[in-house]
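Here's the structure we're looking at; comments come further down.
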Amino acid sequence: MTSKDCGSHTHSRRKLIRRRIIWSIIFILFIICLTILLIWAILQPSKPRFILQDATVYAFNVSGNPPNLLTSNFQITLSSRNPNDKIGIYYDRLDVYATYHSQQITFRTSIPPTYQGHKEVNIWSPFVYGTSVPVAPFNAVSLDGDQDNGAVTLIIRADGRVRWKVGTFITGKYHLYVRCLAYINFGNKAAGVIVGDNAVKYTLTSSCSVSV
């Protein structure tokens with residue numbers, strides 16, 4: 001056998017070994033992915049359930065000429081329940097803010113990162129506020145009319161990132177979007193409870209839509 005034949009044989013053998021290693025890695029990754037999918041299908045994870053329980057309004061005033069600057073300050077009570085009995089939830093980031101007719105009218109308030117165990121309920125009471133926030137002209141007109149009528153409908157939003165924990169396995173991060181309807185009857189203080197100087201607490205108990 002010539003040296004040329006030996007070199008060709010060695011090259012073919014190395015190529016075969018590389019192919020076997022690559023296919024072995026692919027097979028292992030396939031088994032891992034399949035196992036994760038099977039576990040996920042068996043456990044059937046459910047999204048957390050949010051409820052906007054109440055809102056305490058300290059300020060909600062439109063100013064300027066024309067009136068297009070909104071100053072607001074209110075504290076909300078937001079509860080979250082993990083409906084899963086075998087899956088935990090890591091809330092890595094959760095920012096709460098208010099919108100009016102799809103326009104953000106307050107700053108974002110961050111809720112500290114937390115872990116929610118199986119069937120566990122978390123309750124947060126962040127302050128949501130904004131000082132002289134410019135309101136779009138068409139929204140300013142609508143907001144002025146709502147205040148004259150005595151009632152304003154806001155959307156309380158919570159945007160963030162979550163991870164799921166199954167046993168010792170923790171998934172990557174997923175986006176979380178929460179939308180809660182808040183109908184606040186400013187024109188009737190009897191609809192709420194006076195809790196301080198010019199502060200009124202309104203009970204809402206509004207179920208929120210959640211998407212992940």
Side-chain angles (χ1 to χ4, degrees), residues 26 28-57 70 72-130 133 135-136 139 152-184 201-212:
I26 293 175
I28 292 172
L29 291 176
F30 173 76
I31 293 299
I32 292 174
C33 292
L34 182 61
T35 302
I36 293 174
L37 287 174
L38 287 174
I39 292 174
W40 202 251
I42 292 171
L43 294 175
Q44 294 182 344
S46 298
K47 297 177 291 187
R49 297 170 184 169
F50 282 77
I51 293 178
L52 180 61
Q53 297 183 349
D54 56 58
T56 301
V57 181
L70 175 63
S72 60
N73 183 10
F74 47 94
Q75 184 179 24
I76 65 169
T77 301
L78 187 67
S79 69
S80 168
R81 179 177 181 271
N82 178 7
N84 301 288
D85 56 5
K86 296 179 181 178
I87 300 175
I89 303 174
Y90 283 102
Y91 293 91
D92 292 328
R93 180 178 62 82
L94 197 62
D95 297 330
V96 181
Y97 59 100
T99 63
Y100 177 79
H101 288 192
S102 300
Q103 180 184 354
Q104 182 174 335
I105 58 172
T106 68
F107 304 121
R108 290 173 176 256
T109 299
S110 296
I111 292 176
T114 187
Y115 173 75
Q116 189 175 54
H118 313 154
K119 298 291 186 178
E120 191 172 291
V121 176
N122 287 7
I123 297 178
W124 300 293
S125 297
F127 279 90
V128 182
Y129 62 93
V133 176
V135 180
N139 280 342
V152 175
T153 300
L154 305 177
I155 300 294
I156 303 298
R157 304 191 177 214
D159 297 343
R161 290 180 178 270
V162 296
R163 289 176 295 159
W164 310 89
K165 183 175 183 293
V166 182
T168 58
F169 173 75
I170 300 176
T171 69
K173 294 183 179 181
Y174 291 82
H175 286 282
L176 177 71
Y177 302 99
V178 181
R179 303 290 181 265
C180 309
L181 181 67
Y183 178 80
I184 302 177
K201 183 176 183 178
Y202 298 92
T203 301
L204 303 173
T205 316
S206 173
S207 295
C208 309
S209 64
V210 180
S211 60
V212 178

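The analysis underlying the following values was restricted to heavy atoms, covering all of them including side chains, and did not include hydrogens, waters or symmetry mates.
Looking at Ser46 and Asn84, their side chains come closer than 4.5 Å, going by heavy atoms from C-beta outward. Residues Phe74 and Leu154 meet the side-chain proximity criterion, which asks for heavy atoms closer than 4.5 Å. At a threshold of 4.5 Å between non-hydrogen side-chain atoms, the residues Glu120 and Ile89 do not count as touching. Taking the side chain as every heavy atom from C-beta outward, Leu176 and Phe50 approach each other to under 4.5 Å.
Put simply, OG on Ser206 and CD1 on Ile156 are 9.5 Å apart, with the number rounded to the nearest 0.5 Å. In this structure, Ile51 CD1 and Leu78 CG are separated by 9.5 Å, a value rounded to the nearest 0.5 Å. Taking CD1 from Ile87 and CZ from Phe169, the interatomic distance works out to 10.5 Å, rounded to the nearest 0.5 Å.
Shown here are the side chain to side chain donor-acceptor pair (under 3.5 Å) partners of Asn73, two or more places apart in sequence or in another chain: there are none.
The closest donor-acceptor contact from the side chain of Asn122 to the backbone of Ser80 lies at 3.5 Å or more, if one exists at all. In this structure, Gln75 contributes its side chain and Ser125 its backbone to a donor-acceptor pair below 3.5 Å. In this structure, the side chain of Lys47 engages the main chain of Val210 through a donor-acceptor pair within 3.5 Å. With Thr77 contributing its side chain and Asp54 its backbone, the two residues share no donor-acceptor pair below 3.5 Å.
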List the steps and the verdict of salt bridge (Lys or Arg N to Asp or Glu O under 4.0 Å) for Arg93 and Asp95. CA-CA 7 Å; Arg93 180 178 62 82; Asp95 297 330; 3.0 Å; yes

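The two residues Thr106 and Ser72 come nearest to each other via the heavy atoms CG2-OG, 3.6 Å.
Counting heavy atoms of neighbouring residues, nucleotides and ligands inside a 6.0 Å radius, atom OH of Tyr129 does not exceed 12 of them.
Between the side chains of Asn139 and Gln103, at least one donor-acceptor pair of N or O atoms lies under 3.5 Å.
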